[in-house]
Each structure stands twice: as structure tokens, then as C-alpha cells.
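Order of the sequence lines fixes the chain letters, A, B, ..., with proteins taken first and strands second; residue numbering starts at 1 for each chain.
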Amino acid sequence: MQTNFSYTIWIPLVLLASFLVVGLFGDKLRPRLSGLISTVVILFGAVLSYWTAFQYFLVNGKADGVYQTIVAADYEWLRFYDTLAIKMGVLLDPISIMMLVVVTTISSMVHIYSFGYMKGEKGFERFYAFLSLFSFSMIGLVIATNLFQMYIFWELVGVSSFLLIGFYYEKPSAVAASKKAFIVTRFADFGFLVGILLLSYFTKTFDFQELMQPDNAAIAEMAGLSFMGMSVLTLALVLIFMGGAGKSAMFPLHIWLPDAMEGPTPVSALIHAATMVVAGVYLVARLFGLYALHAPDALSVVAAVGAFTSLFAAVIALTQTDIKRVLAFSTMSQIGYMMLALGVSRYGGTEGLGYTASMFHLFTHAMFKGLLFLGAGAIIHAVHSNEMTDMGGLRKYLPITHVTFLIAALAISGIPPFSGFFSKDIILSAAYEHHPVYFWTGWAVAGLTAFYMFRLYFSIFWGENREYEHKPHEAPFSMSFALIFLGIMSAVVGFIPFSKYVSSDLMPYETHLHMNVAVLSVVVAVIGIVVAAVMYMKPGGAADKVVKAVPGLYKLSLHKFYIDEIYLFVTHKIIFNYISRPIAWFDRNVVDGSMNGMAWVTNKVSNKIKGLQSGQLQQYAFVMIAGMVGLALFVLYWASR
Amino acid sequence: MIEGIGVTDFIVVATIMFFVGVYGFIVRKNLITILMSVELILNSVNINFVAFNKYLYPDLLQGYMISLFVIGIAAAEAAVAIAIILNVYRKLQGIDVEHVDTMKY
Amino acid sequence: MERLIFYILALTIILFSVMTVTSRNILRAAIYLLFVLLATAGIYFLLNYNFLAAVQLTVYSGGVVVLIVFAVLLTAKIDHKLEPVNKVKSALTALLAIIGLGAILWAVFGYNFTGNGMAEGAYDVKAIGSSLLSYGQYGYVLPFEVISILLLAAMVGAIMIAKRYKND
């Protein structure tokens with residue numbers, strides 16, 4: 001019996017209602033009440049999502065052993081002409097339901113956590129209104145039935161990210177960071193939009209299901225059409241991936257993510273670690289049928305960008321001292337992993353292992369990275385500083401944070417039996433089957449990840465015991481609750497047999513642990529942890545000596561490979577000087593000048609001729625009569641000829 | 001019709017009267033004399049209409065009627081003009097047309 | 001005889017017109033204007049347009065001139081001399097008038113006016129009255145109504161303009 005899933009439309013709608021209520025009337029309500037409204041609503045959304053997931057995966061989502069793609073709701077929103085309409089709807093399939101669960105879970109935890117973290121902040125209710133807006137947009141994005149709906153919510157997510165990064169709008173650095181995030185992602189979204197238009201121009205549809213039809217003639221035609229050395233479909237998909245890369249902070253569009261850490265820490269956990277930044281991965285997964293079946297070249301681009309970013313970001317993360325920045329680069333690195341997994345995947349069955357791996361890693365990463373950020377928030381809350389160098393020996397003061405942080409660090413490093421181990425293992429297996437270079441890159445990144453995570457862990461919780469001005473105290477219950485909940489999740493979600501639920505062709509299949517890969521990755525992770533322990537566990541460890549040994553590399557990594565400086569050079573020195581300035585000059589002097597000149601001439605001429613308007617009636621009469629007589633004479637002379 | 005007098009004679013008289021009116025309109029500064037000049041002009045036009053009616057279309061009454069209407073309008077115009085002149089006199093303590101120039105640039 | 005009367009009337013008109021616009025005593029100018037209007041009425045009589053002549057006498061000579069005289073009495077003293085006109089302005093305007101006159105007379109003398117040769121129609125008061133109120137061909141009911149409205153508006157307007165306001 002088919003379950004009716006049409007109630008899922010209420011998940012985004014109640015969130016929208018919560019945003020409107022809290023956003024419009026928030027200043028009239030007491031702050032805690034508006035926070036409570038948002039939290040109750042997101043918990044309600046989470047319950048609905050869990051129920052949906054239960055019904056779909058375990059009860060009756062399958063027909064003949066294949067997961068069904070269910071359109072639970074479909075409304076026509078904007079009709080341009082007969083064949084082109086923009087619809088709004090709810091599409092349920094394994095990945096969208098998984099994303100629903102992820103988004104609502106992390107969002108609920110962040111809502112609860114923020115009760116403690118944001119307590120007494122100015123704009124408490126505004127914060128909750130924006131959280132609701134973000135949750136609404138993110139859910140609208142994951143349940144989108146068509147590319148255009150996705151694009152709309154994609155932009156909404158970008159707006160809420162902008163609003164939340166700039167939450168402390170009195171701080172110039174936060175304002176700059178929010179602008180940077182918005183502009184960089186907007187620039188990437190331009191590619192996304194062009195890709196959508198290109199795709200829909202040929203296929204005449206935005207709908208995912210129609211696009212995914214295996215026998216779609218328009219897609220085949222598009223794949224056959226060549227433009228600048230690649231097929232139009234490949235071009236379109238690469239452009240769409242550009243949008244995804246912007247949102248997911250892939251190299252070279254990653255520069256906004258570290259700065260985005262200016263926002264409140266719960267926001268970093270929700271948006272910039274667990275949900276929004278994986279939207280790019282989700283986008284590629286959503287269109288995976290197109291990528292895998294018709295444009296393997298585009299998929300290679302995805303894999304290469306993902307692999308490079310994961311390595312690049314991991315190297316930068318080694319030297320950063322701001323704990324949130326370390327986590328930000330770690331996020332980039334892990335998303336690079338997911339992209340890599342998608343890129344090495346192929347369509348169908350065990351060939352689609354990478355697809356499953358990517359989604360699996362997305363799921364586990366959301367849990368442990370959300371936990372890491374929330375833990376970082378608890379630490380910052382206790383120490384009032386973001387800098388690792390201001391911390392040390394905190395394990396005595398913050399026991400709950402310490403344990404949960406350790407679980408998350410172990411999970412991200414890929415130590416069994418924590419969740420990260422399982423997802424990382426199938427990513428590496430998939431990479432191994434595709435190309436050894438990708439495998440060894442991923443393997444190296446796993447080692448680096450373990451190292452920088454435990455560098456962070458040891459510097460914060462071990463290292464030298466410091467005297468603190470205020471004695472650090474454990475976070476309030478609302479914060480601890482979220483930490484414990486996510487800690488449990490990070491520990492256990494790895495045991496979910498993901499391939500039974502999520503696969504590229506919707507057909508469940510079996511995976512098993514690849515012993516070689518598992519052993520290799522665990523070994524490298526343990527090496528990383530041990531090195532970190534040696535360098536940072538005791539005060540005055542070997543860290544300084546290593547820095548002195550490779551000063552150039554250290555500096556390069558500390559300055560994030562000078563990518564920001566390159567951007568600044570290109571925009572300020574080249575674009576501003578050689579393009580913007582001449583245009584501005586032209587505008588000021590030629591365009592404005594001609595307008596001003598016209599006004600000036602009119603002014604001068606009218607000043608000269610205004611004397612004619614003397615107000616003397618008889619003068620006018622004289623001129624008029626003279627004109628009449630003159631005309632009469634002219635006509636008579638002319639008539640008499 | 002008058003023996004020995006053609007329509008041209010009437011027109012000559014009317015035209016002279018017209019241009020004398022124009023001369024007065026432009027030269028005189030007193031608003032009332034200007035009004036009188038206007039009456040002269042209107043009157044000359046009336047003579048023309050009547051003469052054309054009598055000499056060229058004697059079977060109809062077109063010129064005759066127009067003259068009647070012009071006389072009516074002239075009366076109305078004189079009434080309004082004198083009301084304006086009185087108002088100007090009250091405002092400016094004089095009716096010199098050269099002082100009525102508040103509408104200049 | 002009629003010819004003689006016409007010449008006398010024409011001369012009167014021209015003479016008194018000129019005196020109207022040149023007189024430096026404004027009350028006299030008004031009287032000269034009265035003579036011009038009377039002479040014009042005489043011309044209408046001469047042409048047998050008795051009703052028109054009567055209207056000319058009552059409305060123009062009787063109404064307008066009296067109105068003007070009253071205006072003069074309200075705005076100037078009786079023995080007030082108007083200042084002499086500017087010589088240059090006068091000469092220029094006279095030149096303009098003479099040129100215009102010459103142009104028109106030249107045109108008029110060069111044109112051969114011919115009547116339509118029809119017999120004279122009726123122009124007694126009865127014919128005029130029915131013509132004024134008829135709406136067929138050569139009926140003038142529309143201009144008649146328009147003139148009625150115009151007179152009403154002029155009356156109201158004249159009263160409103162000349163009215164003395166409290167703040168004056």
C-alpha cells in the first residue's frame with residue numbers, strides 16, 4: 001500500500017510561518033518566547049521528517065525492490081507559456097529524505113543550543129527568525145522538484161547565510177565577511193543560472209524527473225552537440241557545478257567560507273558546516289544521472305576539483321590558529337571528499353559506490369562537524385576567545401565538551417567504530433576503484449585531517465595549563481544537551497547500512513568493508529594522531545622545531561596560499577584600475593558632461609533671451625502687428641507674381 | 001445700396017479706422033484709451049461685415065448677424081475690461097499699462 | 001444726396017477716430033469715440049439696416065461709452081492731462097500702421113469685388129428674429145446660445161473682478 005506523503009508540504013510551510021511570525025512580531029514578543037516558537041516548529045519539522053524517513057525507507061518506499069521517486073506535492077507557480085512553467089513542489093526520494101533528516105536534526109540541535117549560546121544577545125529573536133528562514137529555504141532546496149525551484153531556494157539560502165554571517169552588523173569585519181560571502185556565491189550562482197538556462201533551452205523542462213528519463217532525446221541531442229571542444233551538456237553541467245562549487249566552497253571559490261566564521265558559532269555549525277555548504281554536493285547528486293550517463297567529462301571536473309580542494313584545505317588547516325577557521329578549512333576539505341566521491345562514481349549498482357559514499361559522508365559529516373562547531377562554540381563561550389593559543393588544559397573545566405569533542409575528532413579522523421570511519425572507508429574504496437591518484441590523495445588527506453584535528457584537540461584540552469581570568473565553566477544544559485545528542489549520533493550513525501537506502505539507481509545493494517583500504521586509512525589516521533600528540537600534548541612540544549624546519553611551507557599554509565591576496569590583486573589592481581576606473585571616468589566626464597553641458601547651454605541661452613519677455617503689453621502688440629503686416633506683405637507680394 | 005459708392009469705399013473707411021485703432025492700442029499708455037482703441041478696431045470690422053453683406057450677398061443676413069454678435073461680445077468685453085481696469089487701479093493706484101508687468105520673466 | 005451723406009459720415013469717422021487716439025484729455029477721447037460710433041450707426045442707417053443701427057446706438061453709444069466714461073471718472077480727474085506720447089514710439093507705430101494700411105488698400109484696390117447679383121432679402125426685425133432662433137440653414141441659434149452664456153459669464157466675472165474684497 002502506498003503511503004500518502006502529501007503532508008510533507010507542511011515541513012517547509014510551518015517554518016515559513018514561524019519565520020514570518022517571529023520576524024514580524026519578534027520585537028513584540030519576549031525573546032525567549034520567539035526562540036521557543038522557532039524551536040518548537042523545527043522540532044515539529046524534525047518529527048515529520050523522521051516519520052517520513054521511517055515510512056519511506058522501512059515501510060513502503062520500495063516497489064519491486066526499487067525506491068520510488070514520489071512527487072508528494074506539485075503546484076504551478078508561474079506559467080510563462082504552454083510548455084514552460086515554474087512549479088513548486090515536494091520531491092521525495094532517498095537523498096531528499098536523507099537531507100530532510102539532516103537539516104531538521106542539525107537545525108533543531110542548533111535551535112536548542114542557541115538558547116544557551118545566544119542568551120542575552122541583542123537581536124535574540126532576529127537570530128531565531130533568520131534561523132527559521134534558513135531552515136525553510138534549505139528544506140525548500142532539498143525537496144525541490146525542478147531546477148528552478150532549487151535555484152530560488154538556493155538564492156534564499158544564500159540570503160539567509162548573508163544575514164546570519166552579518167548578524168553582528170555593528171562589527172565591520174562581520175559586515176565585510178557577509179558581503180564577501182554573498183558576492184562570491186552570487187558570482188558562482190551566475191554560472192548556475194546560465195547552466196540552468198542552457199539545459200532548459202534544449203530540454204524545454206526544469207523538472208528533475210523529466211531530465212532524468214534515461215531515454216530523453218533532448219539530452220542525447222545536447223550531449224551530441226559540440227561547443228568549444230566539449231558537448232553542450234557537459235558545458236551546462238560544468239556551469240551548474242560552478243554554482244555548486246561556489247556554495248560548497250570548492251577551490252577557487254572557497255575564499256568566503258573562512259571569513260564566514262564571523263557569524264555566531266551556532267550559525268557556523270548549521271550553515272557553514274552541516275547543511276548549506278553541502279548544497280553543492282546535493283546539487284551534483286540530484287543531477288547525478290545526467291553527469292554519470294551523459295557527461296563523464298563534467299564528472300571528471302567534479303572529481304579533480306574535489307580532490308584538489310580536499311588536499312589544499314587540509315594543508316591550510318594545519319597551521320591556522322583560530323579554531324573556527326581550522327574547522328572551516330576542515331569543512332572545505334571534507335566537502336572536497338564528498339565531491340571526489342561523486343566524481344569517481346558511475347551510474348548503477350556497485351559502480352555507483354561513490355555516490356552512496358558521498359551521501360553517506362554528507363550524513364555523518366553533518367553530525368560530527370555540527371558537533372565540532374557546537375563544541376567550539378562551547379569553548380569560545382567559556383574562554384571568550386577564538387585563538388587556540390589562548391587555550392590549553394581545558395579538559396578539567398569542560399568535561400562534557402571534552403568528551404563530545406573527542407568523539408567528533410575521532411569520527412572525522414576515521415577511527416573505528418565512529419561514524420566517519422565507515423563513510424570515509426567507502427569513499428576511499430570508490431576512489432581506489434576509479435584511479436589510484438585519487439585514492440592516495442584521499443589517503444593523504446585522511447592523515448592530515450587526523451593530524452590537524454588532534455592538533456586542535458590537544459592544544460585546547462591538553463597542552464599547558466593556563467590561568468584564566470574567569471574560571472571557564474561548563475556550558476548550560478541547553479548547550480550540553482545538543483552536544484551529547486550529536487555526540488551519540490556521531491558515534492553510532494556509521495552503522496547505518498547506507499547502501500541499502502541510497503544508491504545512484506535507487507536499487508539497494510550490499511557493501512562490505514574493504515580490509516586493505518580500511519587498514520591503510522586507519523594506519524594513516526593513527527599516525528596523524530600520534531604526531532599531533534607528540535607535538536602538542538605536552539607544553540613545549542616539537543611543534544616549534546617543525547615550523548623552523550620548513551618555514552616557507554608554514555608561511556604559505558598560514559596565509560592560505562595567498563589566494564585572498566590574489567583575488568584582491570585581480571579585483572583591485574587589474575579590474576578596478578583598468579576596467580572600472582576608465583568606465584567611471586567615461587561616465588563622469590562624457591555622459592554626465594554632455595548632460596551638464598546641455599543644461600549649461602540652456603541656462604545661458606535662456607538668460608540671454610529672457611529680456612524679450614518684458615511684460616510690456618504694447619511691445620508684444622507691436623511685434624504681433626508688425627509680424628502680421630509683414631506676413632500680409634509677403635503673401636501679397638508672393639500672390640501677385 | 002448707395003448710388004456711386006462701392007464696397008471699396010466702405011473698406012477704405014474701415015481700414016483707416018482699423019489702423020488708427022492699432023496705432024492707439026500701441027502708443028497710448030492709459031488702459032482706458034487702449035480699451036477705446038479696441039472698440040475702434042471692433043467697429044471697423046463691423047462696418048466691413050455689413051458692407052460685404054449689403055454689396056456682395058444681399059439675399060442673406062450673414063454679415064448682419066456677425067455684426068450683431070460682435071456688438072454683443074464687445075459689450076461683454078468692455079464690461080470685463082473695465083472691471084479689470086478698476087481692480088488694477090485699486091492695486092497700483094494708476095492705470096498705466098507699463099506698470100502692469102508682473103508677468104515678465 | 002446719399003453719396004454726400006456717406007462722405008460726411010466717412011470723414012467724421014476718420015477724423016474722430018484719429019482724435020480719439022491722439023487726444024490728451026481722456027474724457028474728450030471718450031466723447032470723440034462716441035461720435036465715431038454714432039457715425040457708424042449713421043452708415044448702418046444709410047444702408048437701411050435699421051435694427052443693427054439701433055443696436056449700435058443703444059449698446060455701443062449708450063452702453064459701452066457710458067461705461068467708459070464712468071471708468072474714466074472712477075480712475076482719473078476730469079482735467080487730468082495724459083502725458084505726451086513717446087515721439088520715436090509714435091513715429092514707428094505710425095509707420096507700421098501706414099505700411100499695413102497701404103498693403104491692405106493695395107490688395108483691396110487690386111481685387112474686383114462682384115456681388116452675387118441676387119435681389120435683396122428681407123432684413124426686417126421679424127426675419128432677424130426667426131433667423132436668430134432657427135436651427136436650419138442660415139440659422140444662428142447655436143451662436144445665439146453661446147453669446148448668451150458668454151454674456152452671463154462676463155457679467156458674473158465683471159462683478160467678481162471689480163468687487164472690493166475685505167483685505168484690499
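- L74(C) has its side chain out of reach of Y89(B): every pair of non-hydrogen atoms, C-beta onward, lies at least 4.5 Å apart.
- Of all the heavy atoms in M17(B) and S17(C), the pair that sits closest is CG-OG, 3.6 Å.
- With a threshold of 4.5 angstrom between heavy atoms, D9(B) approaches chain C through its backbone and through its side chain.
- The minimum heavy-atom distance linking K89(C) with V27(B) is given by the pair NZ-O, 4.0 Å.
- Within 6.0 Å of the CZ atom in F69(B), the count of heavy atoms belonging to other residues, nucleotides or ligands exceeds 12.
- Heavy atoms closer than 4.5 Å to chain B are found in the side chain of Y7(C), but not in its backbone.
- With chain C as the partner, the residue from V22(B), T15(B), L86(B) showing the most heavy-atom pairs under 4.5 Å is T15(B).
- For Y23(B), the side chain to side chain donor-acceptor pair (under 3.5 Å) partners two or more places apart in sequence, or in a different chain, are S90(C).
- Heavy-atom distances place the side chain of I13(C), and not its backbone, under 4.5 Å from chain B.
- The parts of L101(C) that come within reach of chain B are both its backbone and its side chain, each placing non-hydrogen atoms under 4.5 angstrom from that chain.
- In this view, T8(B) satisfies the side chain to side chain donor-acceptor pair (under 3.5 Å) rule with no residue, not counting sequence neighbours.
- Residue contact with chain C, scored on non-hydrogen atoms closer than 4.5 Å, involves the backbone and the side chain of I84(B) alike.
- Residue A153(C) does not touch chain B at all, counting heavy-atom pairs closer than 4.5 Å.
- Here the CD-CG distance, from E120(C) to N53(B), works out to 9.5 Å after rounding to the nearest 0.5 Å.
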Test side-chain contact (heavy atoms from CB on, under 4.5 Å) on E2(C) and I5(B); report intermediate values, then the result. CA-CA 9 Å; E2(C) 286 177 323; I5(B) 303 291; over 6 Å; no

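- For the set A94(C), G63(C), G157(C), the count of heavy-atom pairs under 4.5 angstrom toward chain B peaks at A94(C).
- The nearest pair of heavy atoms linking A10(C) to V13(B) is CB-CG2, 3.5 Å.
- In this structure, N48(C) and K54(B) have side chains that are in contact, with non-hydrogen atoms separated by less than 4.5 Å.
- Looking at I68(C), the atoms closer than 4.5 Å to chain B (heavy atoms on both sides) sit in the backbone and in the side chain alike.
- Of all heavy-atom pairs spanning A74(B) and Y60(C), the tightest one is CB-OH, 3.3 Å.
- Between I32(B) and I26(C), the shortest heavy-atom contact is CB-CD1, 3.8 Å.
- Interface check for chain B: of the options F6(C), Y123(C), F113(C), the most heavy-atom pairs under 4.5 Å are formed by F6(C).
- Only the side chain of L60(B) has a heavy atom closer than 4.5 Å to any heavy atom of chain C.
- Between the CG atom of N43(B) and the CG atom of L37(C) there is a distance of 5.0 Å, given to the nearest 0.5 Å.
- Only the backbone of A119(C) comes within contact range of chain B, judged by heavy atoms closer than 4.5 Å.
- For A158(C) against A83(B), the heavy-atom pair with the smallest separation is O-CB, 3.4 Å.
- For the set N86(C), V108(C), V65(C), the count of heavy-atom pairs under 4.5 angstrom toward chain B peaks at V108(C).
- With rounding to the nearest 0.5 angstrom, the CD1 atom of I43(C) is 6.0 Å from the CZ atom of F10(B).
- Counting heavy atoms from C-beta on, the side chains of L47(C) and Y55(B) come closer than 4.5 Å.
- Under the 4.5 Å side-chain criterion, counting only non-hydrogen atoms from C-beta, T40(C) is not in contact with N46(B).
- Considering only residues two or more places apart in sequence or on other chains, I128(C) meets the side-chain contact (heavy atoms from CB on, under 4.5 Å) condition with L61(B), Y64(B), M65(B), L68(B), F51(C).
- Atoms OH and CD1, on Y140(C) and I66(B) in that order, are 6.5 Å from each other to the nearest 0.5 Å.
- Each of V64(C), L11(C), L9(C) has some count of heavy-atom pairs under 4.5 Å with chain B, and the biggest count is that of V64(C).
- Only the side chain of L105(C) comes within less than 4.5 Å of a heavy atom of chain B; its backbone N, CA, C and O stay farther away.
- Interface remark: L52(C) contributes backbone and side-chain atoms alike to the contact with chain B (heavy atom separation under 4.5 Å).
- Looking at V80(B), both its backbone and its side chain come within 4.5 Å of chain C, counting heavy atoms on both sides.
- Checking side-chain atoms of R28(B) against main-chain N and O of V21(C) turns up a donor-acceptor pair under 3.5 Å.
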Would you check, one step at a time, whether the test side-chain contact (heavy atoms from CB on, under 4.5 Å) holds for F18(B) with I104(C)? CA-CA 11 Å; F18(B) 179 87; I104(C) 286 175; 5.6 Å; no

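- Annotation: the span from L67(C) atom CG to E39(B) atom CD amounts to 9.0 Å, rounded to 0.5 Å.
- Only the side chain of I82(B) comes within contact range of chain C, with at least one heavy atom under 4.5 Å from a heavy atom of that chain.
- Residues of residues 130-138 of chain C lying under 4.5 angstrom from chain B, judged on non-hydrogen atoms, are S131(C), L132(C), Y138(C) in numerical order.
- Atom CD1 of residue I26(B) and atom OG1 of residue T93(C) lie 5.0 Å apart, to the nearest 0.5 angstrom.
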